[in-house]
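Note that these values count all heavy atoms, side chains included, but never hydrogens, waters or copies made by symmetry.
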Amino acid sequence: MTPELLKEVLDKITTAKIAVVGDFCLDAYWFIDESESEISIETGKPTTPVRRQKYSLGGAGNVANNLSSLGVKDVRAFGVIGSDPFGAALIGIMNSCGINTGNMMVQENNWSTHVYIKPHIGEDEQSRIDFGNFNILSEETSDRIIASLRVELHEVDLVIINQQVPSGIHTPYFRQKITDVINQFPDRIFITDSRHFSDQYTGSFRKMNDREAARLCRVNKDPDESVSYPEVIHAAERLYERYMKPLFITRGSRGSIVTDDKGILEIESMMITSRTDTVGAGDSYLAGAAAALAAGYSLGTAGRLGTFAAGVTVQKLFQTGTATPEEVTGIAADADYIYHPDI
């Protein structure tokens, strides 16, 4: 992508209007300093003092935050929080990031805000503490989300559907309702990133990683096994035949591919030599690609903007980072960052 085209894209995405429907989460980083630990009088056990804490948006919240950071001025969130302090904190952070939270629903019963607490001792992350694993979305809340989305669909350019957790909003009932909406608005672009239900959401574009693509084609990999180039190409071809809609497949340090009725296009990867943290990189890629599509650009341009955004955020440690237009411009201008993988 030339510097002139990148500038044009970054300027134009500011006018895009994007809805994000999904599992909005809060990532909590608690930095422990055991030097001030004491023995609890009540339990007789040592306490775990937290010297510093930091909160950031995760899941669909991170996608929305990446859109806003890239310069998209109109980002609308559709999701659910609990009536708990973490829900209030999540909404507060989203509002401070310029995300429209008017369609975030509160479910009073059987719902806790999704929170992932990540305690750190030094640079080592300890066992995570999770909230929201036992959530049950009611049909009433599902209907409220869908009704709000229908009202605003005529105003937005693109809808991102994010499915992050098994206990999130994507119940069988909700999945059917959102699929009905997709099919009733065939001229609107929907792009789905679903960890568990990619085969559903008929009629939408899809974004996934290479392991997810392989698994959908019944090719299962051990954790230490990579997906080969022939395997990912085969998966892309089969999945396009299955879905008949454009598909983005990310490959980590080996770039990504996009496919539509014109065939498969490979997007070059980025050579990152500094220490990296890949948490949230897929969200950054999705946000960049969706923003470009919403502004009317091609799949290839969308994939490249997604790559630049992810290349920025993987270098931000201890956070689900975002990328600004200035950071994207900077990384794209550095020739050392770009290379074509040996395939």
Asker: Tell me every residue that passes side-chain hydrogen bond (donor to acceptor under 3.5 Å, both in side chains) with Arg76, counting only those two or more places apart in sequence or in another chain.
Answerer: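 Result, side-chain hydrogen bond (donor to acceptor under 3.5 Å, both in side chains) vs Arg76: Asp74, Glu152, Glu155.
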Asker: Do the side chains of Asp210 and Arg254 get close enough for a salt bridge, i.e. N-O under 4.0 angstrom?
Answerer: yes
Asker: Under the side-chain hydrogen bond (donor to acceptor under 3.5 Å, both in side chains) test, which residues partner Ser198, sequence neighbours left out?
Answerer: none
Asker: Please tell me if the side chains of Ile129 and Ser127 come closer than 4.5 Å, counting only heavy atoms from C-beta onward.
Answerer: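 They are not in side-chain contact.
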Asker: Who pairs with Lys221 by salt bridge (charged side-chain N to carboxylate O under 4.0 Å, His left out), at least two apart in sequence or on another chain?
Answerer: Glu231
Asker: Does the side chain of Arg251 reach to within under 4.5 Å of the side chain of Tyr229, using non-hydrogen atoms?
Answerer: yes
Asker: Mind checking whether Phe248 and Ser256 have side chains closer than 4.5 Å, heavy atoms only?
Answerer: no
Asker: Can you confirm whether Thr324 sits close enough to Leu70 that some side-chain heavy atom of one is under 4.5 Å from a side-chain heavy atom of the other?
Answerer: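 No. Closest side-chain heavy atoms not under 4.5 Å.
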Asker: Going by the rule side-chain hydrogen bond (donor to acceptor under 3.5 Å, both in side chains), which residues pair with Asn135 if we only count those two or more places apart in sequence or in a different chain?
Answerer: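 Once residues adjacent in sequence are excluded, the partners of Asn135 under the side-chain hydrogen bond (donor to acceptor under 3.5 Å, both in side chains) criterion are His114.
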Asker: Count I, L, V, M, F, W, Y as connected when their side-chain heavy atoms are under 4.5 Å apart, and connections chain through other members. Are Leu6 and Tyr297 then in the same cluster?
Answerer: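 As far as the 4.5 Å side-chain criterion goes, Tyr297 and Leu6 are connected within one cluster.
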Asker: Scan residues 176-203 for pairs that pass ring-ring contact (aromatic ring centres under 6.0 Å, His included), counting only residues two or more places apart or in two chains.
Answerer: His154-Phe185, His170-Tyr201
Asker: Side-chain contact, heavy-atom cut-off 4.5 Å: Thr15 with Lys73?
Answerer: no
Asker: Just to verify, which of Asp27, Asp283, Thr322 counts as forming a side-chain hydrogen bond (donor to acceptor under 3.5 Å, both in side chains) with Asn62?
Answerer: Asp283
Asker: Indicate yes or no for a side-chain donor-acceptor contact from Gln107 to the backbone of Ser83 under 3.5 Å, with no hydrogens or angles considered.
Answerer: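 No; judged by distance alone, with no hydrogens or angles, the pair does not exist.
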Asker: Tell me whether Ile161 shares a hydrophobic cluster with Leu286, the cluster being built from Ile, Leu, Val, Met, Phe, Trp, Tyr side chains joined at under 4.5 Å.
Answerer: no
Asker: Could you list all the salt bridge (Lys or Arg N to Asp or Glu O under 4.0 Å) pairs where at least one residue sits in residues 132-149, not counting sequence neighbours?
Answerer: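 For residues 132-149, and leaving out neighbouring residues, there are no salt bridge (Lys or Arg N to Asp or Glu O under 4.0 Å) pairs at all.
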Asker: Taking salt bridge (charged side-chain N to carboxylate O under 4.0 Å, His left out) as the test, write out the residues that go with Glu108, two or more places apart.
Answerer: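 Partners of Glu108 under the salt bridge (charged side-chain N to carboxylate O under 4.0 Å, His left out) test: none.
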Asker: Does a side-chain N-to-carboxylate-O contact under 4.0 Å join Arg206 and Asp193?
Answerer: no
Asker: Suppose we screen for side chain to side chain contact (heavy atoms under 4.5 Å, CB included). Which residues come up paired with His234, at least two apart in sequence or across chains?
Answerer: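 Once residues adjacent in sequence are excluded, the partners of His234 under the side chain to side chain contact (heavy atoms under 4.5 Å, CB included) criterion are Arg238.
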Asker: Test of understanding: clusters of I, L, V, M, F, W, Y form through side-chain heavy atoms closer than 4.5 Å, transitively. Do Ile189 and Leu299 belong to the same one?
Answerer: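 Both belong to a single hydrophobic cluster.
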Asker: With clusters defined by side-chain heavy atoms of hydrophobic residues (ILVMFWY) lying less than 4.5 Å apart, directly or transitively, does Leu10 cluster with Ile331?
Answerer: yes
Asker: If the condition is salt bridge (charged side-chain N to carboxylate O under 4.0 Å, His left out), which residues does Asp180 pass it with, not counting sequence neighbours?
Answerer: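 If we apply the salt bridge (charged side-chain N to carboxylate O under 4.0 Å, His left out) test to Asp180, skipping adjacent residues, there are no hits.
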Asker: Looking at Arg242 and Asp199, does any basic side-chain N land under 4.0 Å from a carboxylate oxygen?
Answerer: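 Yes, charged N to carboxylate O under 4.0 Å.
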Asker: Please list, chain by chain and in numerical order, all residues satisfying salt bridge (charged side-chain N to carboxylate O under 4.0 Å, His left out) with Arg128, sequence neighbours excluded.
Answerer: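 Checked Arg128 against salt bridge (charged side-chain N to carboxylate O under 4.0 Å, His left out); matches are Asp130.
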Asker: Tell me which donor-acceptor pairs under 3.5 Å the side chains of residues 19-26 have, and how far apart each pair is, sequence neighbours excluded?
Answerer:
unit_1	atom_1	unit_2	atom_2	d
Asp23	OD1	Ile169	N	2.9
Asp23	OD2	Gln164	N	2.7
Asp23	OD2	Val165	N	3.3

Asker: Return the set of residues passing side-chain hydrogen bond (donor to acceptor under 3.5 Å, both in side chains) with Glu42 (not counting sequence neighbours), or none when no residue passes.
Answerer: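 Testing Glu42 for side-chain hydrogen bond (donor to acceptor under 3.5 Å, both in side chains), a comparison that skips the adjacent residues, returns Ser40.
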